[in-house]
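Structure first, then comments.
Chain A is the first sequence line, chain B the second, and so forth, proteins listed ahead of strands; every chain is numbered from 1.
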Amino acid sequence: MAKDHTNFFNSVYDVARLIPPGRVTSYGAIAHYLGSKGSARIVGWAMNASGIHEDVPAHRVVNRAGILTGKHHFGTINPMQKRLEAEGVIVVDDKIQNLDQVYWDPTVELAL
DNA sequence: AGTGTGACAAATG
DNA sequence: ACATTTGCCACAC
């Protein structure tokens, strides 16, 4: 995990893949876990720049408020929200409701 | 090699 | 409380 951090992107993808089903995390949390707390934007950009990777559940990555900020980038459709709901995440108005229940923090869960 | 950007976040006005 | 601006750091051109 996150061994090939030759590119920050690679690390982001690794962490994103580690997100367990039914859970979500924030860009800042991933960035913080990677050591670059202030690079929250890079995390989101990683998905965008790389194009939605199939192995990378970008739909499980939301902003600090638990809002599906990037759902627009998934396309006109909303597989992002649909996926989350399928995982058991309550999403209303593009925003996660039970965020406290589904929030997954790598710095805590992967606390080394 | 420098500039611009970006699916955020926190700080002001 | 809400809206807007700055800061941030790594990648693409």
Q. If we only count heavy atoms from C-beta on, is the Y13(A) to M47(A) side-chain gap below 4.5 Å?
A. yes

Q: For I42(A) and dG7(C), give me the distance from atom CD1 to atom P, rounded to whole Å.
A: 16 Å

Q | V12(A) and I42(A), any side-chain heavy atoms less than 4.5 Å apart | A | no

Q. Should L68(A) and L84(A) count as side-chain neighbours, where that means a heavy-atom distance under 4.5 Å?
A. yes

(Q) If you define the side chain from C-beta out and look only at heavy atoms, does anything of V56(A) sit under 4.5 Å from R17(A)? (A) yes

Q | L34(A) versus S11(A), closest heavy-atom pair with distance | A | CD2-CB, 3.6 Å

**Q.** Closest non-hydrogen atom pair between Y103(A) and R64(A), with its separation
**A.** OH-NH1, 3.3 Å

(Q) By the side chain to side chain donor-acceptor pair (under 3.5 Å) test, which pairs, at least two apart or in different chains, include something from residues 37-47 of chain A? (A) none

Q: Write down the distance between CD1 (I30(A)) and C1' (dA10(C)), rounded to a whole number of angstrom.
A: 15 Å

Q. dC11(C) P sits how many Å from F9(A) CZ, rounded?
A. 6 Å

(Q) Any salt bridge linking E87(A) with R60(A)? Criterion: basic side-chain nitrogen under 4.0 Å from a carboxylate oxygen. (A) yes

Q: Measure from NE2 on H72(A) to P on dG6(B) and round the result to the nearest Å.
A: 14 Å

Q) Are N7(A) and dC11(C) close enough that a side-chain N or O sits under 4.0 Å from OP1 or OP2? A) yes

Short N/O separations, protein against nucleotides 7-10 of chain B, under 3.5 angstrom:
unit_1, atom_1, unit_2, atom_2, d
dA7(B), N7, G44(A), O, 3.3
dA7(B), N7, N48(A), N, 3.2
dA7(B), N3, Y27(A), OH, 3.0
dC8(B), N4, R41(A), NH2, 3.3
dA9(B), OP1, R64(A), N, 2.9
dA9(B), OP2, R64(A), N, 2.6

Q: Check each residue of residues 90-99 of chain A for a non-hydrogen atom within less than 4.0 Å of any atom in DNA chain C, then write out the ones that pass by number, or none.
A: none

